[in-house]
Amino acid sequence: MKLILFGPPGSGKGTQASLLKNKYNIPHLSTGDILRSKLDDNDELALELNKIMSSGNLVPDTILNPIVTEKLLSDECKNGFILDGFPRNISQSDFLINFLEHNQIAVDLVIDFTADTNTVKNRILERSKIENRTDDNIAVIKTRLKKYFEETKPLADIFKNKYGEKFIEINAMQEISKIQSDIEKRVKNA
Ligand code: AMP
């Protein structure tokens, strides 16, 4: 099962990806998690990443694209993956579409998590009490949401056109279990 998840920060992509990962035994490729794991390296890249991520801005494509390429071509992803957090802008989107075509990787579903700004803001603030993310505070959330609506949300139309019925919208403002069952129904029919 090869899935791409779209949606604003705080829309529950990570939560649903973990559930899907366990159910279908496929890796969860979260670019945010991959980048966060690099922050511990304490090298120059980590310093650069920390500066960008803690301000809510996007990490350059020159860093992201090779990471995603390597992961998607790895054995781990041969039988499926859940791509979460990529693409985030038009150049990543062009890159991914070309990459998938070139490597004949057929995506089964593109899932767009829809949620309004207040819902995601509140969820992120709740998460900030549990997780220790430098970007889960109100000032940075504003930048992250601005980036999302300006650069990422418009990609949904590109993927909708490209994937037709394989592009689905899920109401991400519902309970976790309801979102999960909505997704599973669609995955079963994919
Ligand atoms: P996330 O965990 O998906 O909310 O990502 C956390 C942060 O990592 C984002 O605010 C960006 O700074 C960075 N990031 C994650 N994925 C990408 C991406 N595809 N392109 C650029 N930056 C990214």
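We count ligands from 1, going down the list as the structure has it; atoms in each ligand are counted the same way.
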Salt-bridge test for [X] and [Y]: reply yes if a basic N is under 4.0 Å from a carboxylate O, no otherwise.
| X | Y | result |
| --- | --- | --- |
| K146 | E151 | no |
| D84 | K21 | no |
| D108 | R186 | no |

> N/O to N/O below 3.5 Å, does that happen between Q92 and ligand 1?
Replying inline: yes
Could you check which of [options] puts a non-hydrogen atom nearest to [atom]?
| atom | options | value |
| --- | --- | --- |
| atom 3 (O) of ligand 1 | R133, K51, E151, R88 | R88 |
| atom 12 (O) of ligand 1 | L96, I124, I52, N57 | N57 |
| atom 23 (C) of ligand 1 | V68, I34, L35 | L35 |

> Shortest non-hydrogen contact from I52 to P60?
Replying inline: CD1-CD, 3.7 Å
Give the residue and atom name of whichever protein heavy atom lies nearest to [atom], and the separation in Å to one decimal.
| atom | answer |
| --- | --- |
| atom 6 (C) of ligand 1 | R36 NH1, 3.5 Å |
| atom 22 (N) of ligand 1 | V59 N, 3.0 Å |
| atom 7 (C) of ligand 1 | M53 CE, 4.0 Å |
| atom 16 (N) of ligand 1 | T31 OG1, 2.8 Å |

> Regarding N89 and D61, is there a side-chain donor-to-acceptor distance under 3.5 Å anywhere?
Replying inline: yes
> In ligand 1, which numbered atoms sit nearer than 4.0 Å to a non-hydrogen atom of G85?
Replying inline: 16 (N), 17 (C), 18 (C), 19 (N)
>> I need the atoms of ligand 1 closer than 4.0 Å to a non-hydrogen atom of R144, numbered in the order shown.
In response: 4 (O)
> Between S91 and D94, is a side chain to side chain donor-acceptor pair (under 3.5 Å) present by the stated rule, with each step listed?
Replying inline: CA-CA 5 Å; S91 93; D94 288 346; over 6 Å; no
> Hey, do the aromatic rings of F159 and F6 have their centres closer than 6.0 Å?
Replying inline: yes
>> Heavy-atom pairs closer than 4.0 Å: do any link ligand 1 to the side chain of L58, the backbone, both, or neither?
In response: both
